[in-house]
Protein chains: 4
Amino acid sequence: MVNTIFDQLRQQEKENRRFAIVDVAEKILHDKGLEAVTIRNVAKMAGLSSGSMYMYFKNKEELLLCMLVQNLKVLKKDMDTCMDNQNPMEAIKKMAYHYKSYFIRFGKYINILSFTIREDSGFNNLNPEMVKELKDILSKLLALVQETLSAPPMKGALKGLPPERCVPVLWALIQGLVQITIPAPTPEDTFFDFDQLLEDVTHILI
Amino acid sequence: MVNTIFDQLRQQEKENRRFAIVDVAEKILHDKGLEAVTIRNVAKMAGLSSGSMYMYFKNKEELLLCMLVQNLKVLKKDMDTCMDNQNPMEAIKKMAYHYKSYFIRFGKYINILSFTIREDSGFNNLNPEMVKELKDILSKLLALVQETLSAPPMKGALKGLPPERCVPVLWALIQGLVQITIPAPTPEDTFFDFDQLLEDVTHILI
Amino acid sequence: MVNTIFDQLRQQEKENRRFAIVDVAEKILHDKGLEAVTIRNVAKMAGLSSGSMYMYFKNKEELLLCMLVQNLKVLKKDMDTCMDNQNPMEAIKKMAYHYKSYFIRFGKYINILSFTIREDSGFNNLNPEMVKELKDILSKLLALVQETLSAPPMKGALKGLPPERCVPVLWALIQGLVQITIPAPTPEDTFFDFDQLLEDVTHILI
Amino acid sequence: MVNTIFDQLRQQEKENRRFAIVDVAEKILHDKGLEAVTIRNVAKMAGLSSGSMYMYFKNKEELLLCMLVQNLKVLKKDMDTCMDNQNPMEAIKKMAYHYKSYFIRFGKYINILSFTIREDSGFNNLNPEMVKELKDILSKLLALVQETLSAPPMKGALKGLPPERCVPVLWALIQGLVQITIPAPTPEDTFFDFDQLLEDVTHILI
DNA sequence: CATGAATGAGACTTCATTCAT
DNA sequence: GATGAATGAAGTCTCATTCAT
C-alpha cells in the first residue's frame, strides 16, 4: 500500500536486473540461436538459479516478449534521431540502416508477428499489458515513417501516392531488403549487398 | 556393387517414399505449426515406425531441408508458368502471388536462411549434396526473375536499372510485401492488405 | 526471562495473527483446492511476506495442522449447541449436519488421519504440543456424542448397546454418510442424497 | 491395420508391463504415501527411465486412475466370492472385510471420488474410456450389494427398507467404519477396533 | 528392412525454506 | 521483527535418436 522510498528503489533494481537478464538472453540469442535461449541457459549465464528467473519473468514467453519490446524501443529511439534530417530521402536511408541493425540483432531470430499474431504458435500466456505496449511502439514507429514521408520534399515523391499508403510499401521494401542481404558467415554465401541494394532502391523510388 | 535394375527400382521407391513423407510433414506443418512436426508425429501420420524414418532421412534437419527443397521446386514450377505472359508486369504480379502462396505454405514457418546461413542455429548435420541442390534451385529462381526483367517491355522500366540489379530489388520488395501482409486469424490484427499493397507497388515501379 | 505484560501482549497478538492467517488459508483451500494452499499464496493474501510466515508457523505442516485444529474447534462448538435439544435423535441429526458442514469445509480436503496417524506421509515435523491439542479436541468430541447417547430417551435405543460402543457406530455412520453424499458439481454425478440417506439411517437406528 | 499374432503378443506384453508398473506404484503408495508416487520414483523402482513411463501411461493421472481401477477389480472379485454364502448377514460382514482390505491398500490414499467427481482437483486429462470403465465397476459393485440385500433372509431385515435404499446406508456404514478403525502404527493411536465395531453394527442392524 | 521399446538429456515450472539486509 | 530475493531440488513431460529383435 505505502509506496516507500525503499519500494521505489526495489522496483528500480528489479527493473535493472530485468534489463541485465534480457541483455544476457540477447547475447545467447545472437551467439547460439533461438533454440539456445532456454531459461536454464540464460539463468546460468546471468549468474542465477533457474528458479530465480521466475522472479523477473512470469514465464519464458514473457522474457522473449521483453526482449522484443526492448529492441523495438532502441529501434524507435534510433529512428527518432533520423527525423532531424533535412533531406527525407536521407532520413529514410538512415532508417533502413537502423532497421537492418535491429533485424540482425533480433528480428532475424524472432519475428514480431509471432507476438502480435499469436494464433497458436505457443504465445498464449503473455501479459496483456506488455502486448499492448508492444502494439503501441509499433504504431509509433509506423507513425514516424509516415511523418517523414509527409514532409514537403518527400510529399508526392512516390508517384503521388498518399503518405499512409507509402508506409507499407516502404516497410515491405526495407524489411525484404534487410532480409535478403543478411550477411552469411562466409562471404560467398551472402547473396546480395545491402548498400548497393539500398542505392538502387532509392534510385528507383525517386 | 553391380547396379542392377533392382537397385534402380529400389532407389526410385525410396525417392517416392521420401516425397510421401515430406507431404505428410507439410500437412502437419500447416495444420498444427512447426512444433508439431516431430519425427514421431510424421511417422505415425505416414504409417510407419519412428525408427523407419531414419531410413529415409539422416536426421530431422534433413527432413526439414527436404521440405524446403520440395517447396522451392513447386515455387519454381509455378514461376515458370508466368514466363509465357506477354506482359512482364503481369508476370511479376503473378510471381508475387506464387511467392505469397509459397510463403504461407512454408516460408512463414521455416526461413530459407536457416539453411543457407547455418552458422550455429542447429543446422549442422545437413547432407552437403542437399544443400547444394537448395542453392541451385535458388539460383534458378533468381535467373528466372532476371530473365523476366530482361524482356523487352520491361527492359528499362525500373529507371533503366540493369536487370541483374533489379532482381534483388524486386525480390526484397515481394519478400517484404508478403511478410507484412500475412493474414492474422482475426482481421483486425492484420496490418496491411496484400492486393492493395501490390497495386501500389506496381504503380510506383513503373 | 521476566514475563512482562508486554510479553503477554505480544503472545496474544501472535495468536491473533495466527488465526487471521489460518482464516486466509482456509479461504484459499475452499476456493481453489489444497494445491493452491502454498506458503506464498497464503502470505500474499494475508498481506505479509513469505518469509514472515515462518514467524507464525514452524513450517507448512504446522499451518495445516493449525487449520485442522481450528476447524475442529468450530465443529466442537457447533456440536455443543446440539446438546440443549430435548430429543436426542434430533440432536444426532443436527450433529450430522454440523459434521457435514465441517467435512465440506475442511475434512474433504485434508483427512484428520493424515495427522493423527502420521506414519510416513510427510507429516513428521509437527509440534508435539499441537498434536496433543488435536487429540484432546477429538476426545472431547467423542465424549460429547457419548453423553448425548447416554441421555435417557436415547439410552437403550440402539438395541441396548452401551453408549460408549454406540459412539463409534454413530461416528462411522455419519462419516461414511457425509462422504458418499458429497455433492458433485454436476448433479448427475452425485451418487446419493444426504437428507434422504439421513432419514433412512435414523429410521433404521430406532 | 493387420492384426498379426505379433501385435497381439505385443499388446499382451504391454498390458502385463502396465500391471507390473501399477504394482510398483502401489508399493510406493503404501510404503511412502501419495506424495512419493512420482513418475520418477515409480520409473526408478520399476527399472525404467522416466521417459519410458509415458509409453504405458499417457500421464500421471492415468497411472493413478489405473491403480484405482485395478484395485476395484480386485475388490469386485473378492466381493463376488461372498455371494455364495447362504447367510446374507455373513456375506455382508465378509464384504466389509474385503472393503477394509481395499481401503487400507488403496482407498485410504486416494478417494474414488477424486476421479468420479473431478471438479478442479487436477484430474482433467483422463482417458474417457477409463473413466467409463471405472464407473462401470462401481455400478457393478453397488448392484452386487443390492442383490445381497434382496436375498430372502435379508429382505426386510433393515426395518423393511427397500434394498435399493439399504445400499447407501450400508456403504456409508462400512466406509465410515473402515475409515475410523484404520490401524495406526502405534496401537495406542488406533481409536477403535474393526472387529468389535463390525459386531456391534450387525447387532444393531438386525 | 522394419519395428517400436527404451533411453536420457533437457525443457519449463513450482515451491518450501533460508538468510542477508 | 520483518522482508523478499534467492536457492535448489523436485515435478511432469517431450523428443530425437538408437538398437535388439
### Task
Taking only the side-chain nitrogens and oxygens of A:Arg17, find out if one of them lies under 4.0 Å from OP1 or OP2 of F:dA6.
yes
### Summary
By nearest-nucleotide position on DNA chain E, the 5'-leaning member of C:Asn41 and D:Met53 is D:Met53
### Phosphate contact (E:dA11 OP1 or OP2) by A:Arg40 side-chain N/O below 4.0 Å
yes
### Query
From F:dA2, F:dT3, E:dG4, pick the nucleotide closest to the side chain of C:Met55?
F:dA2
### Task
Just name whichever nucleotide pairs with F:dT17, Watson-Crick or G-U, keeping both distances under 3.5 Å, else none.
E:dA6
### Query
With nearest nucleotides of DNA chain F determined for B:Thr38 and A:Gly51 from heavy-atom distances, which residue corresponds to the more 5′ nucleotide?
A:Gly51
### Task
Decide side-chain contact (heavy atoms from CB on, under 4.5 Å) for B:Leu68 and B:Ile110; before the verdict, give the C-alpha distance in whole Å, the side-chain angles of both, and the deciding distance to 0.1 Å.
CA-CA 8 Å; B:Leu68 172 58; B:Ile110 303 177; 5.9 Å; no
### Message
Return whichever of A:Lys60 or C:Ser50 has its heavy-atom-nearest nucleotide of DNA chain E closer to the 5' end.
### Response
A:Lys60
### Message
Measure CG/D:Asn16 against C1'/E:dA5 and give the value in whole Å, please.
### Response
15 Å
### More than 12 heavy atoms from other groups under 6.0 Å of NZ on A:Lys58
yes
### Message
Can you measure C:Leu48 atom CG to F:dG1 atom P for me and round it to whole angstrom units?
### Response
14 Å
### Under 3.5 Å: donor-acceptor pair, side chain of B:Lys60, backbone of B:Val37
yes
### Task
Figure out the CD/P separation between D:Glu15 and E:dA5, and round it to whole Å.
13 Å
#### Entry: P-based separation of F:dT21 from E:dC1 [nearest Å]
22 Å
#### Entry: Whole-Å gap separating C1' (F:dA6) and NZ (A:Lys44)
18 Å
### Query
Does the C:Asn71 side chain pair with the main chain of C:Phe106, one donor and one acceptor, at a distance under 3.5 Å?
no
### Query
Are D:Ile39 and D:Tyr54 close enough that some pair of their side-chain heavy atoms sits under 4.5 Å apart?
yes
### Task
Verify the contact: side-chain N or O of B:Asn59 to OP1 or OP2 of F:dT17, cut-off strictly under 4.0 Å; return yes or no.
yes
### Query
In terms of side-chain heavy atoms of B:Ser49, which of F:dG8, F:dA5, E:dT3 is nearest?
E:dT3
### Task
Could you tell me the separation between the CD1 atom of A:Ile39 and the P atom of F:dC13, rounded to a whole number of Å?
20 Å
### Task
Would you please confirm or rule out a distance under 4.0 Å between OP1 or OP2 of F:dA2 and any side-chain N or O of C:Tyr56?
yes
### Task
Rounded to the nearest angstrom, tell me the gap between atom OH in A:Tyr54 and atom C1' in F:dG11.
13 Å
### Query
Rounded to the Å, how far apart are C:Glu62 CD and E:dT17 P?
11 Å
### Query
For E:dT3, does either OP1 or OP2 sit under 4.0 Å from a side-chain N or O belonging to B:Ser52?
yes
### Message
Rounded to whole Å, please give me the gap between CG in B:Leu9 and P in E:dC1.
### Response
12 Å
